[in-house]
Amino acid sequence: MTQNTADRIKDAKSLGTYDVYIEIDSDCEELLDAVDLDYEEVADDTTQNEICLSFTPDEFKEVFAQVNLTDDYWNEVSLTEILLNPEMCEYATKVTIYKPTGDIICYR
């Protein structure tokens, strides 16, 4: 586990939030800028940017009310479509969810 991952687990646990990190191709920067989303370049891959969305438990339940995360349909593209929009989901390469319990759900 990298320090970055350990820090993210600790943050989600201490704040009681569900932190969703979406890795998205850097070719999508103009779309992200157009909707005023904050993002950072992924440290070990300059072709990817990362967006962080934090949800309280109630917000997370509301957003994912119709989603069974264990269903084969759900992946980084379908989750990004729910969280951002259909145009941006085409650029998604990875979605990682850090739960307040310390568990991690990752789609690649």
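Side chains are part of it too, since the values below use all heavy atoms of this structure and drop only hydrogens, waters and symmetry mates. This chain uses plain numbering: 1 for the first residue, then up along the sequence. Keep in mind that what you see is a predicted model, and the values were worked out from it rather than measured.
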Hydrophobic clustering (ILVMFWY, side-chain heavy atoms < 4.5 Å, transitive) - are [Y] and [X] grouped together?
| X | Y | answer |
| --- | --- | --- |
| Val42 | Leu31 | no |
| Leu37 | Ile97 | yes |
| Ile82 | Tyr107 | yes |
| Ile51 | Val63 | yes |

How about [X] and [Y]: do any of their side-chain heavy atoms sit closer than 4.5 Å?
| X | Y | result |
| --- | --- | --- |
| Val67 | Leu79 | yes |
| Ile24 | Tyr39 | no |
| Gln48 | Asp25 | yes |
| Glu41 | Thr46 | yes |
| Tyr18 | Pro100 | yes |

Going by atom types alone, do Thr101 and Asp103 pair a side-chain donor with an acceptor below 3.5 Å?
yes

Under a plain distance cut-off of 3.5 Å, with no hydrogens placed, do Asn49 and Ser26 share a side-chain donor-acceptor pair?
no

Please list every donor-acceptor pair under 3.5 Å in which a side-chain atom of residues 84-91 meets a protein atom from a residue at least two apart or in another chain.
residue	atom	partner	partner atom	Å
Asn85	OD1	Glu87	N	3.0
Asn85	OD1	Met88	N	2.8

Considering non-hydrogen atoms only, spot the tightest contact between [X] and [Y] and give its length.
| X | Y | answer |
| --- | --- | --- |
| Tyr73 | Ser78 | O-OG, 3.5 Å |
| Cys106 | Lys94 | SG-CE, 3.6 Å |
| Asn68 | Trp74 | O-CD1, 3.0 Å |
| Gly16 | Pro57 | O-CD, 3.4 Å |

Which residues pass the ring pair (Phe, Tyr, Trp, His ring centres under 6.0 Å) test with Phe64, sequence neighbours left out?
Phe60

With side chain to side chain contact (heavy atoms under 4.5 Å, CB included) as the test, would you mind laying out the steps for Leu83 and Phe55 before giving the verdict?
CA-CA 11 Å; Leu83 295 167; Phe55 299 98; 3.8 Å; yes

Within 6.0 Å of CG in Asp38, more than 12 heavy atoms from elsewhere
no

Tell me whether Glu40 at atom CD has more than 12 heavy atoms from other residues, nucleotides or ligands lying less than 6.0 Å away.
no

Looking at [atom1] of [X] and [atom2] of [Y], how far apart are the two atoms once the value is rounded to the nearest 0.5 Å?
| X | Y | atom1 | atom2 | value |
| --- | --- | --- | --- | --- |
| Glu50 | Asn4 | CD | CG | 7.0 Å |
| Glu76 | Thr96 | CD | OG1 | 10.0 Å |
| Thr17 | Leu53 | OG1 | CG | 11.5 Å |

Any chance you could lay out the side chain to side chain contact (heavy atoms under 4.5 Å, CB included) test for Ile104 and Thr5, step after step, and finish with the verdict?
CA-CA 10 Å; Ile104 301 171; Thr5 299; 3.9 Å; yes

